[in-house]
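Structure first, then comments.
All residue numbers refer to positions in the sequence shown, counting from 1. Remember, it's a predicted structure, so these values are computed and weren't measured experimentally.
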Amino acid sequence: MAEVELGLDTQLEQLAQAAAELGFNGYCVSISAGATLTHPERFMRCSDPAWISAYHSLQLHHRDPVMYAARRSPHSFNWKNRSRSIAQLPEQAVVLHEAGEFGYRNGLTMPFHRPLFGLGVLSLTTDVEDFEIADCPQAKLREIRERMIRLIETVEEHWAETRPEPPQLSFREMECLQWAALGKSSCETAFILGLSDGTVRFHLERSKRKLAAKNKPQAIVKALAHGLIVA
């Protein structure tokens, strides 16, 4: 873990340096695994740890307009502390106000949508409200984007190495779950596989128990997360 942290720290320093060359004086990084029902993994780093502490203690993540916009679109966007374009609700404006208290008054956010609903978000920030992000060289922004992608890959590789072994499903159990993931009912799956409806239900029930899933949709999500079936 120490080597992983050292590698991440180095990558974050390089990312911060590249951002500083453009005039940004802060950054926030958030990376989350998509399979939250199986692995609620999250990596968060910020140039000011006090902001992360306030962000969580005030429960701002539930109403953060920047993260909301990042989840909805894969495109980069600009925001300002007083912007009405992303803070459309009063509780969202509170988040931007709090961010402004920490010097985050203007920023560029880059979303990185990952497989199975995962998400990486990089926000480059500055305390200069009239800072013109449009003037930033595109080549430098591409470099920062590439650095963020490498950082995400490093975090995801570490998660993959430290995850527990996936449950052992039989071939039939995976087969039945696969057809369920494609929207087939137990009756339709039985017809496709040449089995009885009761046999298909039996395999689905066993797979739910092995995956510690409460229902079929959750079993499908967990099986996808473990790579036992494909979307």
message = Quick check against the 3.5 Å criterion: does His75 have a side-chain atom that pairs as donor or acceptor with the backbone of Pro111?
response = no

**Request:** Taking Ser53 for its side chain and Ala50 for its backbone only, find out whether a donor-acceptor pair lies under 3.5 Å.
**Result:** no

Between Ile229 and Leu177 the two heavy atoms that sit nearest each other are CD1-O, 4.0 Å

Closest heavy-atom pair, Thr189 versus Cys176, reported as atoms and distance to 0.1 Å, is CG2-CA, 4.3 Å

Please examine the side chains of Leu211 and Leu169, heavy atoms only from C-beta on, and report whether any two atoms are closer than 4.5 Å.
-> yes

To the nearest 0.5 Å, atom OG of Ser196 lies from atom CZ of Phe191 at 14.5 Å

The reported gap from CD1 in Ile152 to CZ in Arg114 (rounded to nearest 0.5 angstrom) is 5.0 Å

From the list Asn106, Ile133, Leu96, side-chain contact (heavy atoms from CB on, under 4.5 Å) partner of Trp79 resolves to Leu96

- Is there a donor-acceptor pair under 3.5 Å between the side chain of Thr162 and the backbone N or O of Trp159? yes

d(Phe43 CZ, Glu156 CD) to nearest 0.5 Å is 12.0 Å

Sequence neighbours excluded, the answer for side-chain hydrogen bond (donor to acceptor under 3.5 Å, both in side chains) partners of Lys184 is none

Heavy-atom closest pair (Asp9 atom, Arg45 atom, distance to 0.1 Å) is OD1-NH1, 3.0 Å

Residue pairs passing the salt bridge (Lys or Arg N to Asp or Glu O under 4.0 Å) test with at least one member in residues 209-220, sequence neighbours excluded, are Glu173-Lys210

Correct closest heavy-atom pair for Leu8 and Leu151 would be CD2-CD1, 3.4 Å

In short, Leu119 meets Ala70 closest at the heavy-atom pair CD1-O, 4.1 Å

* Check the pair Arg71, Met67 against side-chain contact (heavy atoms from CB on, under 4.5 Å), reporting the backbone distance first and the verdict last. => CA-CA 6 Å; Arg71 283 192 292 268; Met67 291 297 292; 3.9 Å; yes

query = Under 3.5 Å, is there a donor-acceptor pair between the side chain of His226 and the main chain of Glu165?
reply = no

Query raised in the report: Does the side-chain hydrogen bond (donor to acceptor under 3.5 Å, both in side chains) test come out yes or no for Tyr55 and Asp64, once each step is laid out?
Result: CA-CA 9 Å; Tyr55 188 80; Asp64 187 345; 2.7 Å; yes

Margin query: Is it true that, when you exclude Tyr68 itself, more than 12 heavy atoms of the residues, nucleotides or ligands shown sit nearer than 6.0 Å to its OH?
Written below: no

Here the gap from Leu195 atom CG to Ser186 atom OG, rounded to the nearest 0.5 Å, amounts to 11.0 Å

Hits for salt bridge (charged side-chain N to carboxylate O under 4.0 Å, His left out) against Glu98, two or more places apart or cross-chain, chain-then-number order -> none

When you compare the side chain of Arg105 with that of Val128, does any pair of heavy atoms fall below 4.5 Å? no

Residues passing the side-chain hydrogen bond (donor to acceptor under 3.5 Å, both in side chains) test with Glu21, sequence neighbours excluded, are Lys140

Value for NE2 (His61) from CE (Met44), rounded to nearest 0.5 Å, stands at 9.0 Å

Applying salt bridge (charged side-chain N to carboxylate O under 4.0 Å, His left out) to Arg145 and not counting sequence neighbours gives none

pair Asp197-Ser185: side-chain heavy atoms closer than 4.5 Å: no

In the structure I gave you, are the side-chain heavy atoms of Tyr104 and Asp48 within less than 4.5 Å of one another anywhere?
yes

Original post:
So do the side chains of Met148 and Met110 get within less than 4.5 Å of each other, counting heavy atoms only?
Top reply: no

Greater than 12 external heavy atoms within 6.0 Å of Trp51's CH2:
yes

Which atom pairs, one a donor and one an acceptor, fall under 3.5 Å between side chains of residues 24-31 and the rest of the protein, sequence neighbours left out?
{"residue": "Asn25", "atom": "ND2", "partner": "Asp127", "partner atom": "OD1", "Å": "3.1"}
{"residue": "Ser30", "atom": "OG", "partner": "Arg42", "partner atom": "NE", "Å": "3.4"}
{"residue": "Ser30", "atom": "OG", "partner": "Arg42", "partner atom": "NH2", "Å": "3.2"}

Step by step, would you call Ile144 with Arg147 a side-chain contact (heavy atoms from CB on, under 4.5 Å)? CA-CA 5 Å; Ile144 290 174; Arg147 289 187 181 281; 5.6 Å; no

Can you find a pair of side-chain heavy atoms, one from Gln218 and one from Lys222, that are under 4.5 Å apart? yes

Please lay out, stage by stage, how Leu22 and Leu141 fare under the test side-chain contact (heavy atoms from CB on, under 4.5 Å). CA-CA 9 Å; Leu22 289 177; Leu141 291 176; 3.7 Å; yes

- Message: One pair to check against salt bridge (Lys or Arg N to Asp or Glu O under 4.0 Å): Arg142 and Glu146. What are the steps and the verdict?
- Response: CA-CA 6 Å; Arg142 283 195 297 271; Glu146 290 169 1; 5.9 Å; no

inquiry  = Test of understanding: clusters of I, L, V, M, F, W, Y form through side-chain heavy atoms closer than 4.5 Å, transitively. Do Trp179 and Phe202 belong to the same one?
reply    = no

Looking only at heavy atoms, the pair that brings Leu58 and Arg63 closest together is O-NH2, 3.2 Å

Practice problem: Flag the pair Glu205 and Arg201 as a salt bridge only when some basic side-chain nitrogen lies within less than 4.0 angstrom of an acidic carboxylate oxygen. | Solution: no

Rounded to the nearest 0.5 angstrom, the CD-CE distance for Gln168 and Met174 is 8.5 Å

